[in-house]
Amino acid sequence: MRLVIQRVREASVTVEGTITGQIGPGLLVLAGCAPTDDEAVLNWMVRKLLNLRIFNDENGQMNRSVRDVGGQVLVVSQFTLLADARKGNRPSYVGAAPPAVAEPLYQRFVSLVAQELGQPVPTGIFGADMQVRLLNEGPVTIILDSPTASS
């Protein structure tokens with residue numbers, strides 16, 4: 001699993017002219033699932049996401065998590081995060097889980113984030129053509145990969 005995590009003042013996702021999810025201050029999370037992802041990976045990623053200290057404390061140091069600041073989380077599926085563009089000019093997506101595998105993983109990830117955060121987690125629509133708007137705060141953008149099987 002790969003996440004692109006952006007600290008935002010606000011963010012929204014729109015599908016066919018309708019906003020399907022929006023948040024105020026918090027995290028916009030773009031999530032891509034790999035075929036080898038499982039419940040252990042999802043749990044690790046959720047814990048890491050919600051405990052990342054990327055919000056400023058009273059001294060301007062990034063020492064607070066989204067939980068600490070009472071922020072919101074918006075999650076948007078994005079299989080292209082697992083693209084491999086090292087060869088040629090057309091990215092390969094063989095590292096991304098097929099939709100039948102990825103969608104349940106994505107839905108479970110969103111459910112775990114909501115459960116751990118203690119609040120609803122707005123989303124886009126899996127597999128849809130989406131428009132994502134955000135006002136990045138900082139800017140702060142973190143790329144988080146799941147741990148490898150050997151680590």
Side-chain angles (χ1 to χ4, degrees), residues 1-37 40-86 91-93 95-97 99 101-148 151:
M1 181 171 226
R2 177 170 292 149
L3 304 179
V4 173
I5 304 159
Q6 297 181 296
R7 188 177 75 181
V8 298
R9 283 193 190 176
E10 62 186 26
S12 66
V13 59
T14 302
V15 177
E16 295 181 1
T18 301
I19 294 175
T20 63
Q22 63 183 11
I23 61 169
L27 299 175
L28 168 63
V29 180
L30 305 175
C33 297
T36 56
D37 291 343
V41 167
L42 296 178
N43 284 313
W44 188 90
M45 296 295 276
V46 169
R47 281 192 309 275
K48 196 69 154 174
L49 169 69
L50 297 180
N51 291 306
L52 277 176
R53 298 185 328 180
I54 58 174
F55 289 87
N56 293 347
D57 63 15
E58 61 280 352
N59 298 315
Q61 299 296 311
M62 286 196 281
N63 280 321
R64 294 201 171 134
S65 70
V66 68
R67 289 183 209 244
D68 296 335
V69 300
Q72 298 176 289
V73 177
L74 170 63
V75 181
V76 177
S77 64
Q78 188 172 347
F79 78 94
T80 61
L81 293 179
L82 290 147
D84 183 351
R86 292 176 290 180
S92 168
Y93 300 105
V101 173
E103 186 169 12
L105 288 167
Y106 167 76
Q107 297 298 345
R108 179 69 177 142
F109 175 75
V110 170
S111 175
L112 288 169
V113 172
Q115 179 182 333
E116 290 296 317
L117 195 57
Q119 62 180 270
V121 173
T123 66
I125 296 175
F126 186 90
D129 183 22
M130 297 175 273
Q131 293 74 51
V132 179
R133 294 178 190 236
L134 70 141
L135 180 56
N136 196 308
E137 178 70 34
V140 174
T141 301
I142 305 289
I143 298 170
L144 179 63
D145 287 320
S146 58
T148 61
S151 33

Test your reading of the model: is there a side-chain donor-acceptor pair from [X] to the backbone of [Y], 3.5 Å cut-off?
{"X": "T14", "Y": "G17", "answer": "no"}
{"X": "S146", "Y": "M1", "answer": "yes"}
{"X": "D84", "Y": "R86", "answer": "yes"}

Pairs touching residues 61-83 that satisfy ring pair (Phe, Tyr, Trp, His ring centres under 6.0 Å), sequence neighbours left out
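The answer is F79-Y93.
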Check: T80/Q78 side-chain N/O donor and acceptor closer than 3.5 Å:
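Looking only at side-chain atoms, Q78 and T80 do form a donor-acceptor pair, the distance falling under 3.5 Å.
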Kindly write out the residues that satisfy side chain to side chain contact (heavy atoms under 4.5 Å, CB included) with L52, not counting sequence neighbours, or none if the list is empty.
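With sequence neighbours excluded, L52 shows a side chain to side chain contact (heavy atoms under 4.5 Å, CB included) to I5, I54, I142, given in chain and number order.
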Listed partners of T36 passing side chain to side chain contact (heavy atoms under 4.5 Å, CB included), at least two apart
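For T36 the side chain to side chain contact (heavy atoms under 4.5 Å, CB included) partners, ignoring immediate neighbours, are A34.
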Enumerate the residue pairs fulfilling side chain to side chain donor-acceptor pair (under 3.5 Å) with a member in residues 107-118, sequence neighbours excluded, ordered by first and then second residue.
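As it turns out, the side chain to side chain donor-acceptor pair (under 3.5 Å) pairs with a partner in residues 107-118, which skip direct neighbours, are E39-R108.
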Exercise: identify the closest heavy-atom pair between [X] and [Y]:
{"X": "A11", "Y": "L28", "result": "CB-CB, 4.2 Å"}
{"X": "L105", "Y": "C33", "result": "CB-SG, 3.8 Å"}
{"X": "L3", "Y": "A31", "result": "CD2-CB, 3.6 Å"}
{"X": "P91", "Y": "A83", "result": "CB-CB, 3.9 Å"}

Tell me which pairs pass salt bridge (Lys or Arg N to Asp or Glu O under 4.0 Å) where either residue lies in residues 50-64, with sequence neighbours left out.
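Qualifying pairs, neighbours excluded: E58-R64.
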Salt bridge (Lys or Arg N to Asp or Glu O under 4.0 Å) contacts in which one or both residues fall within residues 2-15, not counting sequence neighbours
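Residue pairs with at least one partner in residues 2-15: R2-D145, R9-E137.
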Set out, in order, the CA-CA distance, both residues' side-chain angles and the distance that settles side-chain contact (heavy atoms from CB on, under 4.5 Å) for V113 and L50, then state yes or no.
CA-CA 8 Å; V113 172; L50 297 180; 4.2 Å; yes
I23 and its side chain to side chain contact (heavy atoms under 4.5 Å, CB included) partner, picked from V8, V13, V73:
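Only one option passes, and that is V8.
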I need the single residue from V110, L49, V4, V76 that forms a side chain to side chain contact (heavy atoms under 4.5 Å, CB included) with V29. Which is it?
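Of all the options given, the one that passes is L49.
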Using 0.5 Å steps for rounding, measure from the [atom1] atom of [X] to the [atom2] atom of [Y].
{"X": "Q6", "Y": "L30", "atom1": "CD", "atom2": "CG", "result": "6.0 Å"}
{"X": "R67", "Y": "L117", "atom1": "CZ", "atom2": "CG", "result": "7.0 Å"}
{"X": "D68", "Y": "N56", "atom1": "CG", "atom2": "CG", "result": "12.5 Å"}

Residues that S92 engages under side chain to side chain donor-acceptor pair (under 3.5 Å), provided they are two or more places apart:
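Here no residue qualifies.
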Under 3.5 Å, which donor-acceptor pairs link side chains of residues 118-136 to any protein atom two or more places apart or in another chain?
| residue | atom | partner | partner atom | Å |
| --- | --- | --- | --- | --- |
| Q119 | NE2 | G71 | O | 3.4 |
| N136 | OD1 | V140 | N | 2.9 |
| N136 | ND2 | T141 | OG1 | 3.3 |

Do V75 and F109 have side chains that get closer than 4.5 Å, going by heavy atoms?
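They are in contact (side-chain heavy atoms under 4.5 Å apart), so the answer is yes.
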